[in-house]
Amino acid sequence: MPEHPNSQSSQALRDTGKACLAAGDRNGAITAFAQAYRLMPTAMDLYEALLDLYMATGRAKDGSKFFEDMSRLAPKAVAFLFARGRLKAEQGLALEAAKIFEQAAALAPTSSGMKYWRGCALLQAGHYKPAIEAFTQSLSLSSPSPQESNECSDRKKDAEMLLEIRPALKAARKTFQARSETTFRDTWEQDAVASIQKQLGETPITGLAAVFFHVEAGDRHPFLQKLSSSSQAVDYKQTLLQACQAVTATNAGATVIVLTDEFSDLSVLEGAARIARLSLVSDQLMYGRAREQSRRCDGSFAGPSALS
């Protein structure tokens, strides 16, 4: 079989891109790989490398433009639509991404993946009912792996949960505004509110604030263990981390806050949540009072808040 006329030029550019990566020059790698891919648009390894690099370097807008240009050469190429959808979602343009994934799903009606990613984009946009429908359609088709089926099922449950609690989120701000900031049962409550406000800073949190409460209990969660006959240890820190990540994944611009005591090691949450520490006695479970007082920090929570 004769060699493709562009293969040598493409290979040279590919080598240049690899050298750039080895030197830590990811932008240079993008330039070289993009030129190579234009010459050999069937090279899926270049396609995957470019998609990953555009996302990893924060150049989702440039990547979306690149794959849009490529799609003009092949308007029905599902791979180009998929890349554009992922990159639009990365820019926060969730509804645009959902429309692109819908086009891709129409071209590949038996693909569970296109429906799954459409559901993810709709979930990101806060369109929970159509997201649930998209996930349901994805699960009705054969999935490449059990892991992907599980991820789709988990996202569907996320959408169902958010749909259920949305009325409470909308009502949350009115609830906070109706509460008094000056009536305290004792000095502990007064000090707790002041401490939360000080630790969260002077700038009000205007987006959704999701507040979690943590109690250090070793590997035996005091409540989960009561609900299960299993004797297995509960990794509640990872559970809390996953909950924090789920909030930010499904609510653009959300701030996650964890109220805890003065000593618990929450290094696992670094970068995933803002931590406010209070003078709490964990074995007396004073967290109910911490919940109550966090509701009255209107100076810190200027937007809607959800407490868990």
**Item:** ring-ring contact (aromatic ring centres under 6.0 Å, His included) evaluation trace for Phe82 with Phe67
**Value:** CA-CA 9 Å; Phe82 172 75; Phe67 284 107; 9.6 Å; no
**Request:** Could you walk me through whether Lys115 and Ser112 pass side-chain contact (heavy atoms from CB on, under 4.5 Å), step by step?
**Result:** CA-CA 5 Å; Lys115 292 177 174 59; Ser112 62; over 6 Å; no
**Message:** Before you tell me yes or no, could you show the steps for Tyr47 and Met40 under side-chain contact (heavy atoms from CB on, under 4.5 Å), namely the whole-Å CA-CA distance, both residues' side-chain angles and the distance that decides it to 0.1 Å?
**Reply:** CA-CA 10 Å; Tyr47 165 88; Met40 293 288 289; over 6 Å; no
**Prompt:** Between Glu133 and Gln137, does a side-chain hydrogen bond (donor to acceptor under 3.5 Å, both in side chains) hold up when you go through it step by step?
**Reply:** CA-CA 6 Å; Glu133 292 173 4; Gln137 292 171 0; 5.5 Å; no
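Within the model, atoms CG of Leu241 and CG of Leu269 stand 6.0 Å from one another, a figure rounded to the nearest 0.5 Å. Here the SG-NZ distance, from Cys152 to Lys157, works out to 11.0 Å after rounding to the nearest 0.5 Å. The structure places CG of Asp158 at 12.5 Å from NZ of Lys156, a figure rounded to the nearest 0.5 Å. The OG1 atom of Thr16 lies 11.5 Å from the CG atom of Leu21; values are rounded to the nearest 0.5 Å. One finds the OG atom of Ser264 at 7.0 Å from the NZ atom of Lys237 (value rounded to the nearest 0.5 Å). Remark: Ser149 OG to Gln147 CD distance equals 10.0 Å, nearest 0.5 Å.
Side-chain atoms of Ser64 do not come within 3.5 Å of backbone N or O of Arg84 as any donor-acceptor pair. With hydrogens and angles ignored, the 3.5 Å screen pairs a side-chain donor or acceptor of Gln199 with a backbone N or O of Arg277. At least one donor-acceptor pair closer than 3.5 Å links the side chain of Thr57 to the backbone N or O of Leu53. Judged by distance alone, the side chain of Ser71 and the main-chain N or O of Ala74 form no donor-acceptor pair under 3.5 Å. The closest donor-acceptor contact from the side chain of Gln124 to the backbone of Asn251 lies at 3.5 Å or more, if one exists at all. In this structure, Ser111 contributes its side chain and Ala108 its backbone to no donor-acceptor pair below 3.5 Å.
Pro130 is linked by a side chain to side chain contact (heavy atoms under 4.5 Å, CB included) to Leu122, His127, counting only residues two or more places apart in sequence or in another chain. With sequence neighbours excluded, no residue forms a ring-ring contact (aromatic ring centres under 6.0 Å, His included) with Phe80. Here Lys65 pairs with Asp69 under the salt bridge (charged side-chain N to carboxylate O under 4.0 Å, His left out) rule; sequence neighbours left out. In terms of the side chain to side chain contact (heavy atoms under 4.5 Å, CB included) criterion, residue partners of Asp25 (sequence neighbours excluded) are, by chain and number, Cys20, Asn27. When the side chain to side chain contact (heavy atoms under 4.5 Å, CB included) test is applied to Ala106, no partner is found at least two apart in sequence or on another chain. Listed by chain and number, the residues in a side chain to side chain donor-acceptor pair (under 3.5 Å) with Thr110 amount to none (sequence neighbours excluded). Listed by chain and residue number, nothing satisfies the side chain to side chain donor-acceptor pair (under 3.5 Å) test with Glu270 (two or more places apart in sequence, or in another chain). The side chain to side chain contact (heavy atoms under 4.5 Å, CB included) test applied to Ala49 returns Phe33, not counting sequence neighbours. Not counting sequence neighbours, Lys18 has no partner by the side chain to side chain donor-acceptor pair (under 3.5 Å) test. Residues satisfying the side chain to side chain donor-acceptor pair (under 3.5 Å) criterion with Glu160, sequence neighbours excluded, are absent altogether.
Between Ala36 and Ser10, the shortest heavy-atom distance links the atoms O-OG, 3.3 Å. Between Gly17 and Ala29, the shortest heavy-atom contact is O-CB, 3.6 Å. The two residues Ala97 and Gly85 come nearest to each other via the heavy atoms CB-O, 3.3 Å. Taking each heavy atom of Phe135 and Gly119 in turn, the nearest pair found is CZ-C, 3.3 Å.
Using a 4.5 Å heavy-atom threshold, the side chains of Leu139 and Thr136 count as separate. Side-chain atoms of Tyr54 and Lys61, non-hydrogen and from C-beta on, never get closer than 4.5 Å to each other. Taking 4.5 Å as the limit, every side-chain heavy atom of Gln35 sits out of range of all side-chain heavy atoms of Leu39. The shortest distance between side-chain heavy atoms of Val247 and Phe212 falls below 4.5 Å. Tyr116 has its side chain out of reach of Phe101: every pair of non-hydrogen atoms, C-beta onward, lies at least 4.5 Å apart.
We find that Glu68 and Arg72 are joined by a salt bridge, their nearest charged nitrogen and carboxylate oxygen being less than 4.0 Å apart.
Transitive grouping of hydrophobic side chains (ILVMFWY, heavy atoms separated by less than 4.5 Å) brings Leu46 and Leu51 into a common cluster. No continuous path of hydrophobic side-chain contacts links Leu95 to Leu162 [ILVMFWY only; heavy atoms under 4.5 Å]. Under the 4.5 Å side-chain heavy-atom criterion for ILVMFWY residues, no single connected hydrophobic cluster contains both Leu141 and Met114.
Among residues at least two apart or in separate chains, salt bridge (charged side-chain N to carboxylate O under 4.0 Å, His left out) pairs with a member in residues 88-111 are Lys88-Glu96. Listed by first and then second residue, the salt bridge (charged side-chain N to carboxylate O under 4.0 Å, His left out) pairs involving residues 44-59 are Arg14-Asp45, Arg59-Asp62 (not counting sequence neighbours).
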